[in-house]
Amino acid sequence: MRISATSPFFHEQRAGRNLSERKLTICIVGCGAIGANLAETLARMGLPQMRLIDCDRVETRNLSTQPFWRSDVGQLKARALARLVYRAAQCRAEAITERLTKANAAKLLKGSDLVVDCLDNSASRRAVQIAVRELKIPCLHVGFSGDSYGEVIWDECYKVPDDSHIFDPCDYAFTRPLMHLLVGVAAETIVRFLLQGERLNWTVTLSDLKILPLPKC
């Protein structure tokens, strides 16, 4: 492959990681702190298309950890993010603004080559898990807890956590450094899967700045 210094993906292509040739549909479910930043990262790495699922709207409190602008406040996140990744790298994103539930998960995820679960509640995560197993679609789960601990885990090793005691899923301590650590690990995990077929699982802790592999399940 001939590499052009004028390509927006010059550095990725120079490293032998040309995602622009991967005509696959990556479906990101949840366009909050993890999902929105992950979508932008993958677009800037050259991913040509993706699917975005989120029914929420951008709030002012989102601006500290999510890649939206003040002008996006009040807009539907999936649509605002689809515009962002196209402006950034001409990545074409299908924006789905429905709430994913157990009843519609299979319909919304069907046709995806990879599903990335970046949701913030166990009920929706469980709906995703049931659907991807039924559809036989590879799925990566990315999430974190209030004690600055994060996970990047493939579905075959993933157990949906119990969050029945949490009343507001947005009432957590979350910072940009933890978000960037998780998104970086998730993006690298996805790229290695797309290019080499590897399925690696990781834990991330902010307090000691550790990224550790998990043993195979």
Between Asp54 and Lys77, does any NZ, NE, NH1 or NH2 come within less than 4.0 Å of an OD or OE carboxylate oxygen?
no

Lys/Arg-Asp/Glu bridge criterion (N-O < 4.0 Å) met for Glu134, Lys110:
no

Quick check: does any side chain N or O of [X] sit under 3.5 Å from a backbone N or O of [Y], one acting as donor and the other as acceptor?
X      : Y      : value
Trp154 : Leu200 : yes
Asn104 : Arg99  : yes
Ser122 : Val160 : no
Thr101 : Ala103 : yes
Asn121 : Ser124 : yes
Asp72  : Phe68  : no

Let me confirm one number: the [atom1]-[atom2] distance from [X] to [Y], rounded to the nearest 0.5 Å.
X      : Y      : atom1 : atom2 : answer
Cys217 : Lys159 : SG    : NZ    : 13.5 Å
Asp113 : Lys23  : CG    : NZ    : 13.0 Å
Cys31  : Asp56  : SG    : CG    : 9.5 Å
Phe144 : Ile34  : CZ    : CD1   : 5.5 Å
Tyr149 : Leu182 : OH    : CG    : 10.0 Å
Ile28  : Ile96  : CD1   : CD1   : 12.0 Å

Shortest non-hydrogen contact between [X] and [Y], atoms and distance:
X      : Y      : value
Ile137 : Leu109 : CD1-O, 3.5 Å
Gln49  : Leu24  : CG-O, 3.3 Å
Arg125 : Gly143 : NH2-CA, 3.5 Å
Cys55  : Thr97  : CB-O, 3.3 Å
Leu178 : Ser148 : CD2-CA, 3.7 Å
Glu59  : Asn62  : N-OD1, 2.7 Å

I need the full list of salt bridge (Lys or Arg N to Asp or Glu O under 4.0 Å) pairs touching residues 175-195, with sequence neighbours left out, sorted by first then second residue.
Arg17-Glu188, Glu188-Arg192

Using distance alone, with no hydrogens and no angle criterion, decide if Gln129 and Asp155 have a side-chain donor and acceptor under 3.5 Å apart.
yes

Distance-only side-chain donor-acceptor flag, Tyr158 / Glu156, under 3.5 Å
no

Transitive ILVMFWY side-chain link [X] to [Y], under 4.5 Å:
X      : Y      : value
Val132 : Met50  : no
Ile153 : Leu206 : no
Ile130 : Leu135 : no
Val116 : Leu195 : yes
Ile211 : Leu38  : yes

Under the side-chain contact (heavy atoms from CB on, under 4.5 Å) criterion, do Arg83 and Gln75 qualify, and how do the steps go?
CA-CA 11 Å; Arg83 292 193 297 269; Gln75 301 296 312; 4.0 Å; yes

Could you tell me whether the side chain of [Y] reaches within less than 4.5 Å of the side chain of [X], counting heavy atoms only?
X      : Y      : value
Val204 : Glu151 : no
Leu100 : Val128 : yes
Tyr86  : Cys91  : no
Leu140 : Arg199 : no
Lys102 : Arg126 : no
Glu98  : Leu108 : yes
Val85  : Leu47  : no
Arg87  : Leu84  : yes

Check the pair Cys27, Ile53 against side-chain contact (heavy atoms from CB on, under 4.5 Å), reporting the backbone distance first and the verdict last.
CA-CA 8 Å; Cys27 179; Ile53 302 178; 3.6 Å; yes

Decide yes or no on side-chain contact (heavy atoms from CB on, under 4.5 Å) for Thr189 and Val142, but give the supporting numbers first.
CA-CA 11 Å; Thr189 301; Val142 186; over 6 Å; no

Would you please test Thr203 and Leu214 for side-chain contact (heavy atoms from CB on, under 4.5 Å) and show each step?
CA-CA 7 Å; Thr203 62; Leu214 285 170; 3.5 Å; yes

Would the number of heavy atoms belonging to other residues, nucleotides or ligands and lying under 6.0 Å from CZ of Arg70 be above 12?
no

Other residues, nucleotides and ligands only: do more than 12 of their heavy atoms fall within 6.0 Å of CZ on Arg51?
yes

